[in-house]
Amino acid sequence: MSTAILTGQSVPGSSLEGDLRSLGFDVRVASDAGDAETLLAEVPAGQRVALVDARFVGHVHALRLGLTDPRFAAAGLPGAVSAQPEARRALTRALARESSATGGVAVATDNLADRIAAALSADGVDVHRPELGTLVAAVPTDPQERNEVRQAVSAVDDEAIRLRSAVKARDGFFTTYCISPYSRYIARWCARRGLTPNQVTTASLITALIAAGCAATGTRAGFVAAGLLLLFSFVLDCTDGQLARYSLQYSTLGAWLDATFDRAKEYAYYAGLALGAARGGDDVWALALGAMILQTCRHVVDFSFNEANHDATANTSPTAALSDKLDSVGWTVWVRRMIVLPIGERWAMIAVLTAFTTPRITFYALLIGCAFAATYTTAGRVLRSLTRKAKRTDRAAQALADLADSGPLAEALSSLLRGKPRKTALLSAAFGAVAIVTAAWVWGPAWQVVLVAGLYVLLSAEAVERPLKGALDWLVPPLFRAAEYCTVLVLAAKADVNGALPAAFGLVSAVAYHHYDTVYRIRGNAGASPHWLVRAIGGHEGRTLLVTVLAALLTAAQFTVALTVIAVAVALLVLVESIRFWVSSGAPAVHDEGEPA
């Protein structure tokens with residue numbers, strides 16, 4: 001239960017108290033600042049508290065946005081301010097100052113809530129001000145103004161606005177026109193029955209896993225059922241975020257589920273398709289692993305570029321200006337969103353191809369589509385980086401260093417290389433990545449590959465020896481991902497034994513989860529994964545070297561077992577630490593509202 005303290009002179013016939021109670025507030029009335037200070041002291045420390053001017057007139061959804069959003073320590077509207085437990089001390093100080101300044105005397109025209117909000121801001125508390133759009137929130141001071149505000153409230157349907165704002169502002173064509181027109185109503189249905197976003201997210205995951213199981217049967221009926229279930233899983237995937245926005249149910253656990261389950265569903269489905277193909281005598285595990293690698297590397301490009309330019313100064317370029325101009329032409333926006341194959345278009349394509357073709361054709365189409373999308377987006381970002389005059393900050397460099405996932409070997413060598421002439425970070429990373437993947441392709445499981453892996457370790461250390469502030473240094477983490485993942489893929493394929501590629505799929509899945517987890521921690525301003533975890537799982541260069549040594553040292557069957565053991569060990573470590581972090585009080589309640597890829 002939260003508590004709302006009404007201040008100022010009450011207005012006969014006002015629905016404010018009922019509106020606040022409908023939002024879950026226990027309503028109390030204060031005659032002045034001193035009385036409000038007394039009532040605040042009686043509220044348990046763990047509760048949210050809102051100060052609301054009794055003359056407030058506005059939409060219930062405006063009150064919901066300004067007073068109940070759990071993501072902000074303090075938030076405010078005209079005539080209303082709320083504070084969560086972490087801002088309670090500042091709220092108490094502000095009320096105490098107001099009580100002393102006014103001497104406990106109420107003034108008819110006094111707007112205590114607005115003055116407290118201003119005092120909180122002056123005290124260093126970030127008071128969130130939600131975008132209301134056409135929603136009304138005002139404190140009229142006379143009967144005529146009150147009537148005008150009430151008419152303005154009646155003229156706007158706040159439920160329609162609430163439904164519309166439940167949809168993510170920037171989404172793909174398929175999601176916007178084929179899913180969101182009805183999924184928002186499913187979200188409202190869920191909200192009215194007390195369902196939470198986490199429950200819907202879990203239902204989406206279970207549906208996708210059932211779809212993967214249907215695909216694994218290898219029958220045409222199973223493939224058709226898998227395609228339909230995958231589409232339904234995507235509907236639920238859209239619904240959970242819309243439900244969170246509709247009812248403002250944000251949580252740290254929900255942020256973790258939202259950040260990781262999309263990838264878990266998609267990659268589990270790839271595995272199901274590969275199993276189904278194997279039942280029909282077609283081995284497509286290499287294609288499944290290749291699709292996962294391509295999609296993961298593509299996401300790392302997105303994350304790295306965004307983090308590198310998150311707070312860069314003078315962050316403009318002719319390419320960006322051209323993109324802004326194209327955004328003013330409506331149809332070009334949708335074309336550019338579709339050709340990057342966002343999750344809606346991607347899942348729709350996978351579902352249709354699964355139902356009507358074969359897993360091999362599905363993976364070929366997926367690889368071609370994602371390769372084109374990755375080339376298009378990466379080329380555009382390279383052009384932006386080369387034509388803009390931006391100065392990267394220390395924060396951006398640290399984010400890229402965290403995304404690089406360098407382990408103890410690279411750290412030790414970096415300290416030895418400091419002060420020596422170096423190539424550019426991009427050149428070192430690119431040469432090392434090409435060298436190790438090419439060596440694995442040419443020689444397969446051999447000691448020559450181990451020697452090249454040693455060179456890769458050295459070049460990886462050289463790449464991160466200095467802060468990654470170059471124009472194209474955001475490409476370093478994706479190159480490291482491609483090098484590690486592709487080396488595992490090629491060596492498993494060269495082993496040419498049953499089980500090697502599925503084991504490699506499991507290992508890459510576990511490592512990819514660790515990299516996604518790092519990304520979402522950085523996005524929530526919670527820092528990267530702890531240093532001990534990165535060291536424990538070896539860093540990208542350590543894992544790459546280990547895999548090449550095991551491939552050269554062991555038989556094909558033993559190598560498969562070794563990959564499985566490493567996959568299980570990495571998965572256990574990263575999952576336990578990830579769960580510990582995301583269910584802790586220090587994890588951010590930030591859901592993925594970024595690009596719909």
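Side-chain atoms are counted along with the backbone in the values below, which use heavy atoms only and exclude waters and symmetry mates. When a residue number appears, it is its place in the shown sequence, counting from 1.
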- Would you confirm whether Asp123, through its side chain, and Ala119, through its main-chain N or O, come within 3.5 Å as a donor-acceptor pair? no

- Message: Tell me whether the rings of Tyr456 and His540 are parallel (<30°), tilted (30 to 60°) or perpendicular (>60°).
- Response: perpendicular

- Message: Classify the ring geometry of Tyr270 against Tyr267: parallel below 30°, tilted from 30° to 60°, perpendicular beyond 60°.
- Response: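 Taking Tyr267 first and then Tyr270, their aromatic rings sit tilted (interplane angle of 30° to 60°).
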
- Does anything in residues 374-393 pair up under ring-ring contact (aromatic ring centres under 6.0 Å, His included), and if so which pairs, sequence neighbours excluded?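 Residue pairs passing ring-ring contact (aromatic ring centres under 6.0 Å, His included), neighbours aside: none found.
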
[atom2] on [Y] to [atom1] on [X], rounded to 0.5 Å:
X      : Y      : atom1 : atom2 : answer
Ile116 : Arg93  : CD1   : CZ    : 12.0 Å
Leu40  : Thr92  : CG    : OG1   : 4.5 Å
Arg263 : Asp517 : CZ    : CG    : 13.5 Å
Leu575 : His514 : CG    : NE2   : 12.0 Å
Thr424 : Leu472 : OG1   : CG    : 8.5 Å

- Task: Using a strict 4.0 Å threshold on nitrogen-to-oxygen distance, state whether Glu307 and Arg395 make a salt bridge.
- Result: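 Between Arg395 and Glu307 there is a salt bridge, with a charged N closer than 4.0 Å to a carboxylate O.
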
- Message: Whether Asp402 and Arg521 form a salt bridge (side-chain N of Lys/Arg under 4.0 Å from carboxylate O of Asp/Glu) is what I want to check.
- Response: no

Does any non-hydrogen side-chain atom of [Y] lie less than 4.5 Å from one of [X]?
X      : Y      : answer
Lys265 : Trp347 : yes
Leu455 : Phe431 : yes
Glu465 : Ser428 : no
Val511 : Val488 : no
Tyr485 : Met292 : no
Val43  : Arg88  : yes
Arg381 : Thr378 : no
Leu491 : Leu563 : no

- Can a donor-acceptor pair be found between the side chains of Trp474 and Asn309 at a distance below 3.5 Å? no

- Do you see a donor-acceptor pair shorter than 3.5 Å between the side chains of Ser529 and Thr518?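 Side-chain D/A pair, Ser529 to Thr518: present.
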
- Task: Just jot down the ring-ring contact (aromatic ring centres under 6.0 Å, His included) partners of His128, sequence neighbours excluded, or say none.
- Result: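 With neighbours one apart ignored, the set is Phe72.
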
- Item | Stepwise side chain to side chain donor-acceptor pair (under 3.5 Å) check, Glu541 with Ser460 | CA-CA 7 Å; Glu541 81 289 350; Ser460 299; 5.9 Å; no

- Within a reach of under 6.0 Å around CD of Glu86, are more than 12 heavy atoms found that belong to other residues, nucleotides or ligands? yes

- Task: Please say whether more than 12 non-hydrogen atoms of neighbouring residues, nucleotides or ligands are located less than 6.0 Å from CZ in Arg580.
- Result: yes

- Task: Let me see the working for Ser180 and Lys168 under side chain to side chain contact (heavy atoms under 4.5 Å, CB included), right down to the final yes or no.
- Result: CA-CA 9 Å; Ser180 294; Lys168 188 186 291 186; over 6 Å; no

- Partner residues of Arg543 under the salt bridge (charged side-chain N to carboxylate O under 4.0 Å, His left out) criterion, sequence neighbours left out: Asp405, Glu484

- Query: Stepwise, does the side chain to side chain contact (heavy atoms under 4.5 Å, CB included) test hold for Phe305 with Arg384?
  - Reply: CA-CA 10 Å; Phe305 178 80; Arg384 289 190 181 199; 4.3 Å; yes

- Locate the shortest heavy-atom distance separating Ser233 from Ala208; write the atom from each residue and the value.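 Heavy-atom minimum between the residues: OG-CB, 3.4 Å.
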
